[in-house]
Amino acid sequence: MQIKLNGALIETSAMTLDDLITEQGFPADAVATAVDGAFVPRAARMNAQLAEGASVEVLSPMQGG
């Protein structure tokens, strides 16, 4: 299926947000996630189903002061 990940269209076989994070190689413990504009807590990623055309944001914390 095709989804939008951080603004870029990608092809994925991931059916859940958790699968997508693993598939794309993101450090699962160090990112924040949202699907279609709604924040998805880490504990809920396994149940967050992805649909064709979903918009997913995966954000890493930034350091600085």
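A distance-only check finds a donor-acceptor pair linking the side chain of Glu11 to the backbone of Met1 [under 3.5 Å]. Of the possible donor and acceptor atoms, none in the side chain of Asp18 sits under 3.5 Å from a partner among the backbone N and O of Asn47. Within the 3.5 Å criterion, the main-chain N or O of Gln49 finds no donor-acceptor partner in the side chain of Thr16.
Taking hydrophobic clusters as Ile, Leu, Val, Met, Phe, Trp and Tyr residues chained together by side-chain heavy-atom distances below 4.5 Å, Met15 shares a cluster with Leu20.
Residues Gln24 and Ile10 meet the side-chain proximity criterion, which asks for heavy atoms closer than 4.5 Å. For the pair Val31/Arg45, a side-chain contact is recorded, criterion being any heavy-atom separation below 4.5 Å from C-beta on.
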Check against side chain to side chain contact (heavy atoms under 4.5 Å, CB included), Leu5 and Phe26: CA-CA 12 Å; Leu5 175 61; Phe26 289 108; 4.0 Å; yes
Trace of the side chain to side chain contact (heavy atoms under 4.5 Å, CB included) decision for Ile3 with Val35: CA-CA 10 Å; Ile3 65 167; Val35 176; over 6 Å; no
Criterion side chain to side chain contact (heavy atoms under 4.5 Å, CB included) on Glu57 and Thr33, from CA distance to verdict: CA-CA 6 Å; Glu57 297 292 330; Thr33 55; over 6 Å; no
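Considering every non-hydrogen atom in both Val40 and Ala48, the closest pair reads CG1-CB, 4.1 Å. A pairwise comparison of heavy atoms in Asn6 and Val58 identifies OD1-N, 2.8 Å as the closest pair.
To the nearest 0.5 Å, atoms NZ (Lys4) and CG (Leu9) are separated by 6.0 Å.
Looking only at atom types and distance, the side chain of Glu23 has a donor-acceptor partner in the side chain of Thr12 under 3.5 Å away.
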